[in-house]
Novice: 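First the structure, then my questions, so here it is.
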Amino acid sequence: MEQVTQNRLEILASLAEKARTCHNCALRDGCRGVVFGEGNPFSPIMFIGEGPGQTEDELGMPFVGKAGQLLDKILEAAELPRETVYITNIVKCRPPGNRTPVMPEMQACLPWLRQQYAIIRPKLIVLLGLAATHGILGEGIKMGEAHGKWFERGQTKFMPTYHPAAVLRNSSLRRPVWEDFQKIHEALQGIGEI
Ligand code: URA
């Protein structure tokens with residue numbers, strides 16, 4: 001088992017190394033580093049955010065700024081400690097001024113996410129915010145209607161929910177996000193992963 005864990009970590013690490021020199025879009029020219037993703041490579045659940053912010057760009061880790069601190073609290077409350085899950089973003093390079101990544105940038109970055117998915121093979125994927133939701137499930141989706149619902153694509157179920165940064169701006173989103181995370185907890189229980 002240890003050998004398998006090591007291999008999966010090594011494969012992810014070598015993929016992250018390759019991504020450091022990616023120029024699939026222009027974002028790499030304007031950021032400090034590539035924030036590839038981190039967490040348990042055997043997790044049944046993957047969280048996908050929008051893209052690195054300033055703190056993430058500086059530290060090279062996803063969700064370590066204010067939104068990340070809130071995500072940590074939400075994960076703890078849902079009995080899903082951060083170290084048990086895998087966390088990444090739809091774009092791996094910080095968009096200038098923290099703007100939302102545009103569709104061509106998300107599409108250019110998708111090959112990296114596909115490879116992460118192929119290695120980790122999560123059963124559940126949580127899409128944090130509209131950018132990740134649009135980039136993966138399609139542009140027509142409205143968060144007010146889609147959050148908390150599971151969308152099945154092949155072997156995997158995807159749930160959009162509000163981005164923690166949106167919750168920081170609008171405290172009325174706390175309850176729907178909490179309810180969404182209860183559903184996530186239940187889904188993990190349902191597949192025997194909690
Ligand atoms: N917001 C995101 O979407 N991703 C991060 O990594 C940090 C903030």
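Computed over heavy atoms, backbone and side chain alike; hydrogens, waters and symmetry mates excluded. Counting convention: from 1, in listed order, for ligands and their atoms alike.
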Novice: Would Arg153 and Phe158 count as a cation-pi pair here, with the cationic atom under 6.0 angstrom from the ring centre and within 45° of the axis?
Specialist: no
Novice: Exactly which residues line ligand 1, taking a heavy atom under 4.0 Å from it as the test?
Specialist: Gly49, Glu50, Gly51, Glu56, Pro62, Phe63, Asn89, His163
Novice: Holding to salt bridge (charged side-chain N to carboxylate O under 4.0 Å, His left out), I want the full list of residues that pass it with Glu179, two or more places apart in sequence or in another chain.
Specialist: Arg175
Novice: Quick one: name the residues clustered hydrophobically with Val34, using the 4.5 Å side-chain heavy-atom rule over I, L, V, M, F, W, Y, and just say none if it's on its own.
Specialist: none
Novice: Would Glu186 and Gln182 count as a side-chain hydrogen bond (donor to acceptor under 3.5 Å, both in side chains) if you check the C-alpha gap in whole Å, the side-chain angles of each, and the deciding distance to 0.1 Å?
Specialist: CA-CA 6 Å; Glu186 281 160 21; Gln182 281 180 319; over 6 Å; no
Novice: When you look at Glu193 and Lys123, which way does the salt bridge (Lys or Arg N to Asp or Glu O under 4.0 Å) test go after all the steps?
Specialist: CA-CA 10 Å; Glu193 294 284 358; Lys123 295 182 181 135; 3.0 Å; yes
Novice: When Ile, Leu, Val, Met, Phe, Trp and Tyr are grouped by side-chain heavy atoms lying under 4.5 Å apart, directly or through other members, which residues fall in the same group as Trp178?
Specialist: none
